[in-house]
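One-based numbering along the sequence shown.
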Amino acid sequence: MTAIESYLSIPTWRYIDESLSAKNRSALESFAADDTLCQLVGQLQSAPTVRTWVHDHTIVLGVQDHRLPHLERALPAIHEAGYKTIVRNSGGLAVVLDSGVLNISIVLSEQSGSIDISVGYDVMLEFIRMLFPETGDRIEAYEIVGSYCPGSYDLSIDGKKFAGISQRRLRQGVAVQVYLCIEDSGSERAAIVKELYETGLGGEITKFAYPVIQPETMASLSELLDQPLTVQDVNLRIQQQLNMLAENVQSGGFRDEEMELYTYYLNRVVERNAKMIARE
């Protein structure tokens, strides 16, 4: 067993499935949930946790996106197309969430030793490779230039990006988050973000280098694997994989005694988001 695999092959995993229940709720609730889990797992009040979540018709902006010089021109078109916008509290730039995008959070504790940022990314990369054994070694991690939210841990097959990873660290907990474009067209999602940047920049040169989106650099796993894969198909794979990795899998949402902490973090992210998007 490799060092990375040892983070995944553990006695107990906690599994929280919000792939259906969160769909029509604000994505802010998911960022609050991950902050809550960071504290619970980080302080050893919960087993390491895998949480799956889906939010429909949401553009999650990064802090730098919020600083686009003409953001107020770009947002109306997004909202008229039926998308909500929030500003996230973890790193990265704009991403598209919808019913065909599955998000996975792996939450680990640093109580027994610090977890390097690169290790967090590698844990998620290994987990995704486990979920899709049919891809062999085709899933690679490197920056896909022209994609939205580009980074050194873009996940791609044959040069086309289908996923991106970010991290959130809080109270000795580490939440590694990935969005997986499972269904429909990856390039159509990228075209939405392309319009955001083109309108939001309005031709201006900025100190921060925003990505020049090339929609053809992105695709969904259904497209890349040429099979009718669904979010629920992948969610089932996650459950099966956890049962293979752990002796015990604890399922279920937040317990009653954890809800007060969740409410605290939810209020915090809602207040922060309200301040960030006040210019809308």
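- In the model, E195 has a side-chain atom that pairs as donor or acceptor with a side-chain atom of T199 under 3.5 Å.
- More than 12 heavy atoms of other residues, nucleotides or ligands lie within 6.0 Å of CD in Q227, so this atom counts as buried by the packing criterion.
- Side-chain contact, E143 with Y153: no donor N or O sits under 3.5 Å from an acceptor N or O.
- Interatomic distance, R73 CZ to L201 CG, rounded to the nearest 0.5 Å: 11.0 Å.
- Contacts classified as ring-ring contact (aromatic ring centres under 6.0 Å, His included) and involving residues 235-260 (residues at least two apart or in different chains) are given here: F254-Y262.
- Ring orientation note: the planes of Y210 and Y197 are tilted relative to one another, at an angle of 30° to 60°.
- Using a 4.5 Å heavy-atom cutoff, the side chains of F127 and V178 are not in contact.
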Task: Residue pair E216, K160: steps toward the salt bridge (Lys or Arg N to Asp or Glu O under 4.0 Å) verdict - done: CA-CA 8 Å; E216 67 274 11; K160 294 204 171 189; over 6 Å; no
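- Side-chain contact check for D17 and T52: at least one donor-acceptor pair (N or O, by modelled atom type) lies under 3.5 Å.
- The structure places CE of M259 at 8.5 Å from OG1 of T36, a figure rounded to the nearest 0.5 Å.
- In this model, no donor atom of one side chain and acceptor atom of the other lie less than 3.5 Å apart for Q239 and R237.
- The closest donor-acceptor contact from the side chain of H55 to the backbone of A22 lies under 3.5 Å.
- Residue Q177 is tested with S30, S105, S166 for a side-chain hydrogen bond (donor to acceptor under 3.5 Å, both in side chains); the sole match is S166.
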Task: Chi angles and distances behind the salt bridge (Lys or Arg N to Asp or Glu O under 4.0 Å) call for E198, K194 - done: CA-CA 6 Å; E198 289 181 348; K194 177 182 174 69; 3.0 Å; yes
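- Side chains of S222 and S220: a donor-acceptor N/O pair is absent below 3.5 angstrom, by distance only.
- Residues K23 and E18 are not paired through a salt bridge, judged by the lack of any N-O separation under 4.0 Å between the basic side chain and the carboxylate.
- Side-chain contact check for D154 and S156: no donor-acceptor pair (N or O, by modelled atom type) lies under 3.5 Å.
- A salt bridge does not link K161 to E223: none of the charged side-chain nitrogens sits closer than 4.0 Å to a carboxylate oxygen.
- Atom CG of L155 is separated from atom CZ of R129 by 8.0 Å, given to the nearest 0.5 angstrom.
- Looking only at distances, a side-chain donor or acceptor of Q111 sits under 3.5 Å from a matching main-chain atom of G42.
- With rounding to the nearest 0.5 Å, the separation of CG in D65 from CG in L93 is 5.0 Å.
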